[in-house]
Amino acid sequence: MLLEKERIAVVEYGKRLITSGLTKGTGGNVSMINREQGLFAMSPSGMDYFSIEPEQVAVLDLEGNWIDAPCKPSTEHALHRLLYRDRPELGAVIHAHTDYATAISCLRQPLPALHYLIALAGYEVPCAEYATFGTVQLAENVVAAMRGTRAVLLANHGMIAGAATLSAAFKIVEEIEYCAKLYCIVRAMGEVPSILPREEIEKHFVLFRSYGKPEE
Ligand SMILES: [Zn+2]
């Protein structure tokens with residue numbers, strides 16, 4: 001089977017999105033790229049994550065051709081594809097409709113550095129401009145907002161993260177959702193959180209790089 005390892009991993013991480021409570025139903029999507037072959041495995045559209053078999057995961061190339069797609073790939077395949085084209089260091093991308101990050105995305109503001117874990121993504125988590133789901137415009141907005149970071153919010157929609165591996169991308173989704181939850185709690189207290197300075201976050205880029213390899 002073409003991209004067998006990647007297809008199996010996409011199925012596994014789709015299930016993890018549900019079991020971890022990071023997404024519900026058929027929300028969100030998962031992909032993993034094989035750079036040598038120039039192909040990526042993309043979770044199928046509108047399917048229960050627990051009923052997906054690896055052979056039902058679609059394989060696409062970076063021009064958008066469906067190379068092996070017994071089931072329709074996720075409607076957000078352009079989002080993943082344009083990120084892989086723009087960011088050669090990315091090996092995996094996860095998009096999810098997590099509760100708290102999506103709530104903040106409705107403010108159309110970045111998630112600021114109120115906790116050091118934000119450094120897994122960057123100095124902050126920017127918010128990409130709104131566009132209808134599944135469109136190339138949304139993909140372009142996300143690519144632009146994600147320069148210099150590994151996660152962004154999608155205005156009134158959700159969040160997305162990319163990293164060298166699926167486990168690293170998943171960890172970013174989990175921890176950014178945690179930071180988003182903290183932000184919502186602090187704002188619900190009627191307060192504005194203190195934000196960590198850039199130099200402090202910068203220290204963590206180094207610390208996170210030397211920890212947990214090969215997660216970068
Ligand atoms: Zn979505």
Side-chain angles (χ1 to χ4, degrees), residues 6-33 40-54 56-60 66 69-84 90 92-109 111 120-121 125-143 145-146 150-163 166-181 183-184:
E6 290 81 2
R7 285 168 136 168
I8 290 170
V10 163
V11 169
E12 185 197 328
Y13 277 88
K15 289 177 188 166
R16 282 200 203 185
L17 273 182
I18 300 290
T19 53
S20 62
L22 289 168
T23 206
K24 290 182 192 73
T26 59
N29 33 72
V30 178
S31 74
M32 183 177 173
I33 190 165
F40 66 100
M42 178 84 247
S43 54
S45 175
M47 278 182 75
D48 184 308
Y49 284 106
F50 284 88
S51 69
I52 300 171
E53 297 295 337
Q56 293 173 313
V57 172
V59 174
L60 289 83
W66 301 10
C71 296
K72 228 169 94 176
S74 160
T75 47
E76 299 293 10
H77 58 85
L79 188 55
H80 294 243
R81 184 171 65 84
L82 294 194
L83 277 173
Y84 288 133
L90 296 184
V93 171
I94 299 177
H95 163 55
H97 300 164
T98 62
D99 294 342
Y100 293 94
T102 305
I104 297 166
S105 82
C106 298
L107 299 173
R108 301 195 182 184
Q109 290 171 6
L111 170 62
L120 283 168
V125 179
C127 186
E129 272 182 47
Y130 183 81
T132 308
F133 82 91
T135 59
V136 171
Q137 185 63 60
L138 176 61
E140 287 173 351
N141 293 352
V142 165
V143 166
M146 198 144 143
R150 299 201 294 178
V152 291
L153 306 176
L154 280 63
N156 304 76
H157 180 160
M159 68 128 104
I160 192 162
L166 259 178
S167 69
F170 191 83
K171 185 176 169 146
I172 295 171
V173 172
E174 268 186 318
E175 301 297 10
I176 294 308
E177 176 62 2
Y178 171 68
C179 293
K181 184 175 180 176
Y183 188 71
C184 289

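The figures here come from the full heavy-atom set of this structure, side chains too, leaving out hydrogens, waters and symmetry mates.
- Pairs of residues two or more places apart, or lying in two chains, that qualify as salt bridge (charged side-chain N to carboxylate O under 4.0 Å, His left out) and include a residue from residues 20-33 are Lys24-Asp99.
- The two residues Pro44 and Cys71 come nearest to each other via the heavy atoms CB-CB, 3.9 Å.
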As a quick check of understanding, evaluate side-chain contact (heavy atoms from CB on, under 4.5 Å) for Met159 and Val125, giving each step before the final call.
CA-CA 9 Å; Met159 68 128 104; Val125 179; over 6 Å; no

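- In this structure, Cys184 and Ala103 approach most closely via the heavy-atom pair SG-CB, 4.4 Å.
- Smallest separation of non-hydrogen atoms from Gly162 and Leu90: C-CD2, 3.5 Å.
- By the side chain to side chain donor-acceptor pair (under 3.5 Å) test, Ser74 is found to be paired with Asn29, residues two or more places apart in sequence or in another chain being considered.
- Note on residues 13-23: pairs passing salt bridge (charged side-chain N to carboxylate O under 4.0 Å, His left out), not counting sequence neighbours, are Glu12-Arg16.
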Checking Glu6 against Ile33 for the side-chain contact (heavy atoms from CB on, under 4.5 Å) test, could you report, in this order, the C-alpha distance in whole Å, the side-chain angles of both residues, the deciding distance, and whether it holds?
CA-CA 7 Å; Glu6 290 81 2; Ile33 190 165; over 6 Å; no

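- How far NZ of Lys171 is from OH of Tyr178: 13.0 Å, rounded to the nearest 0.5 Å.
- Listed by first then second residue, pairs satisfying salt bridge (charged side-chain N to carboxylate O under 4.0 Å, His left out) with a partner in residues 72-82 number zero, not counting sequence neighbours.
- Annotation: side chain of Pro73 is in contact with side chain of Leu60 (closest heavy-atom distance under 4.5 Å).
- Checking Ile104, Thr98, Val142, Thr102 one by one against Leu153, the side-chain contact (heavy atoms from CB on, under 4.5 Å) holds for a single residue, Ile104.
- Here Ser51 pairs with Met47, Asp48 under the side chain to side chain contact (heavy atoms under 4.5 Å, CB included) rule; sequence neighbours left out.
- Using a 4.5 Å cut-off on side-chain heavy atoms (C-beta onward), Ile94 and Leu166 make contact.
- If you take CG on Leu154 and CE on Met146, they are separated by 10.0 Å, rounding to the nearest 0.5 Å.
- Ser43 pairs by the side chain to side chain donor-acceptor pair (under 3.5 Å) definition with nothing, not counting sequence neighbours.
- Listed by first and then second residue, the salt bridge (charged side-chain N to carboxylate O under 4.0 Å, His left out) pairs involving residues 126-137 amount to none (not counting sequence neighbours).
- Taking every heavy atom of both residues into account, Ser20 and Phe170 meet most closely at OG-CZ, 3.6 Å.
- In this view, Thr23 satisfies the side chain to side chain donor-acceptor pair (under 3.5 Å) rule with no residue, not counting sequence neighbours.
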Would Cys179 and Leu111 satisfy side-chain contact (heavy atoms from CB on, under 4.5 Å), going step by step from the backbone distance to the final call?
CA-CA 8 Å; Cys179 293; Leu111 170 62; 4.1 Å; yes

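- When atom types are taken as modelled, the side chain of Tyr49 and the backbone of Gly27 share a donor-acceptor pair closer than 3.5 angstrom.
- Note that CD of Glu174 and CG of Leu22 are 6.0 Å apart. Values are rounded to the nearest 0.5 Å.
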With side-chain contact (heavy atoms from CB on, under 4.5 Å) as the criterion, how do Ser105 and Tyr130 come out once you've worked through the C-alpha distance, each side chain's angles and the decisive distance to 0.1 Å?
CA-CA 9 Å; Ser105 82; Tyr130 183 81; over 6 Å; no

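- With a 4.5 Å cut-off on side-chain heavy atoms, Val93 and Phe40 do not count as touching.
- Atom CG in Leu107 sits 7.0 Å away from atom OH in Tyr183 (nearest 0.5 Å).
- Here Cys106 pairs with Asn156 under the side chain to side chain contact (heavy atoms under 4.5 Å, CB included) rule; sequence neighbours left out.
- Ala131 meets the side chain to side chain contact (heavy atoms under 4.5 Å, CB included) test with Thr135, Gln137, Leu138, Asn141; sequence neighbours excluded.
- Applying the side chain to side chain donor-acceptor pair (under 3.5 Å) criterion to Tyr84, with sequence neighbours excluded, gives Ser31.
- Under a 3.5 Å cut-off, the side chain of Glu177 and the backbone N or O of Ala101 do form a donor-acceptor pair.
- Each of His157, His77, His80 was checked for a ring-ring contact (aromatic ring centres under 6.0 Å, His included) with His95, and the lone residue meeting it is His157.
- To the nearest 0.5 Å, the span separating CE on Met42 from CG on Leu79 amounts to 8.0 Å.
- Residues that satisfy the side chain to side chain contact (heavy atoms under 4.5 Å, CB included) test with Ala161, not counting sequence neighbours, are Ala151, Ile172, Val173.
- Atom CZ of Arg7 is separated from atom CD1 of Ile52 by 12.0 Å, given to the nearest 0.5 angstrom.
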